[in-house]
Amino acid sequence: MQRRHRAWAEIDLAAFRHNLAVARARAGRAAVWPVLKANAYGHGAAVLAAACEEQGVPRLGVGDSSEALELRESGIRAPLLVLGTAIDAELPALLRHQVEVGVHSEGRAHDLGRAARAAGCVLGVHLKIDTGMTRLGVLPEAALRVAGAVRDEAGLELRGVMSHFAALDGYHDPATLEQERRLRQVVADLRQAGIAVPAVHCANSAALYSADPLYGDAVRPGIALYGVLPPALAPSDALRPVLSLHAQVVFLKDVSAGTGVGYGSLWRAPQDCRIATLPIGYADGVPYRLGAGGRGSVLIHGRRCAVVGAISMDYCCVDLGPVRGVKVGDTATLLGEDGDERILAQEVASACDTIPYEITCSIGSRVRRVYRNMAPAPADPAPVSTQA
Ligand SMILES: *Cc1c(COP(=O)(O)O)cnc(C)c1O
């Protein structure tokens with residue numbers, strides 16, 4: 001019974017498998033490499049990685065070596081790729097656990113190669129091309145040189161050539177097509193120079209859900225697998241939100257008009273009302289900004305109630321308004337459905353001027369993750385629609 005917890009996130013693995021199937025259908029002949037960085041965007045990387053393995057995904061993306069290590073320790077054997085780069089201190093762990101990493105300069109290729117040789121093993125690397133994002137990656141004109149350095153390092157094995165798109169709305173932005181064009185050129189140049197390119201990959205969720213067919217041998221969706229589309233794309237009913245966030249009511253108080261609620265009395269009751277206190281605050285991922293100026297709501301008894309006053313570290317308060325009969329122990333829903341109402345991560349993100357990624361990634365470690373539908377149903381139906 002989840003109400004043993006003060007605050008909990010329910011993670012529906014049936015929804016995750018559904019979203020994975022939708023992604024696979026959209027990706028066509030390209031492989032889907034789920035991105036599980038940042039604890040699977042707050043959903044819990046170990047459990048979702050196990051679900052991915054059981055669905056036969058060929059590779060998983062992580063953010064750093066500690067995430068890779070956590071997955072290896074939980075028994076994940078699938079190839080893992082640190083999507084960005086690694087710092088030197090991470091190399092021993094990457095080598096020990098056979099974790100692949102992006103490479104974006106000649107010097108880096110030699111460092112990695114030396115470390116691999118010293119450890120007596122081979123490190124799989126993905127040549128990371130900067131086609132317009134700027135953050136990481138080798139510029140197209142230097143790609144051949146870095147690929148040559150990788151080839152010359154006995155300790156390295158080129159497993160892929162990758163790039164990352166900057167546009168928020170994928171292929172709806174012509175800049176994405178230009179990035180793709182540059183990547184295609186690099187791949188052609190490498191092949192011309194006799195360098196075997198095992199896998200080309202560039203598409204994130206925004207690209208996957210804005211183009212058809214896609215360029216590349218694999219796609220790297222993150223957020224869409226969690227049932228949320230990047231906010232610049234039109235919402236889609238084809239995807240199912242995987243996570244819902246709840247807390248139980250721990251206290252009820254009738255206050256009279258004019259009573260201040262929370263730090264700084266940023267909100268005062270405009271009339272007599274009943275306040276419910278929830279044991280979940282900004283340390284648990286409730287954005288501080290949600291408390292200011294009536295931006296937020298939670299669902300209680302299937303009705304929307306306003307979040308009032310400043311969000312505290314461990315608590316927040318709700319004006320129950322006309323909702324009657326609420327008791328201590330009743331469930332409040334901060335993300336997800338209750339009755340006919342639902343609150344999506346996108347709604348909370350817009351209310352706080354941020355992106356849905358930040359909403360789920362910020363859910364803190366005190367929030368208990370409760371997993372639903374761990375085992376696939378014997379006849380999990382294939383998704384009826386692949387349209388996003
Ligand atoms: C995070 C990340 C992704 C996934 O992005 P989404 O927008 O969540 O689909 C793909 N590739 C790289 C390199 C990333 O860092």
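We count residues from 1, following the sequence as given. In each ligand, atom 1 is the first atom listed, and ligand 1 is the first ligand listed.
Judged as a side-chain hydrogen bond (donor to acceptor under 3.5 Å, both in side chains), and not counting sequence neighbours, the contacts of D254 are R274.
For the 3.5 Å distance criterion, the side chains of T360 and H43 fail to qualify, holding no donor opposite an acceptor. Inspection of the H164 and R220 side chains reveals an N or O donor paired with an N or O acceptor under 3.5 Å. A side-chain donor from one of H201 and H126 sits under 3.5 Å from a side-chain acceptor of the other.
Clustering of Ile, Leu, Val, Met, Phe, Trp and Tyr by side-chain heavy atoms under 4.5 Å joins V308 with V255, V261, W267, I275.
Atom 9 (O) of ligand 1 has as its closest protein heavy atom S205 OG, 2.5 Å. Closest to atom 2 (C) of ligand 1, if we only count protein heavy atoms, is K37 NZ, 2.5 Å. In this structure, the protein non-hydrogen atom closest to atom 7 (O) of ligand 1 is Y357 OH, 2.6 Å. Looking from atom 10 (C) of ligand 1 to the surrounding protein, the closest heavy atom is R220 O, 3.3 Å. Protein heavy atom in closest approach to atom 12 (C) of ligand 1: H164 CE1, 3.3 Å.
The structure places CD of Q346 at 8.5 Å from CD1 of I223, a figure rounded to the nearest 0.5 Å. Once rounded to the nearest 0.5 Å, the distance linking CE of M313 with CD1 of I280 reads 14.5 Å.
Near Y41, with a cut-off below 4.0 Å to any heavy atom, the atoms of ligand 1 are 1 (C), 4 (C), 5 (O), 6 (P), 8 (O). Residue-ligand proximity, I223 to ligand 1, at heavy-atom distances under 4.0 Å covers atoms 6 (P), 8 (O), 9 (O). Under a 4.0 Å criterion applied to the non-hydrogen atoms of P221, ligand 1 contributes the atoms 9 (O).
Taking any N or O of G222, backbone or side chain, at least one lies under 3.5 Å from an N or O belonging to ligand 1.
At a 4.0 Å cut-off, not a single heavy atom of A224 sits close enough to ligand 1 to count as contact.
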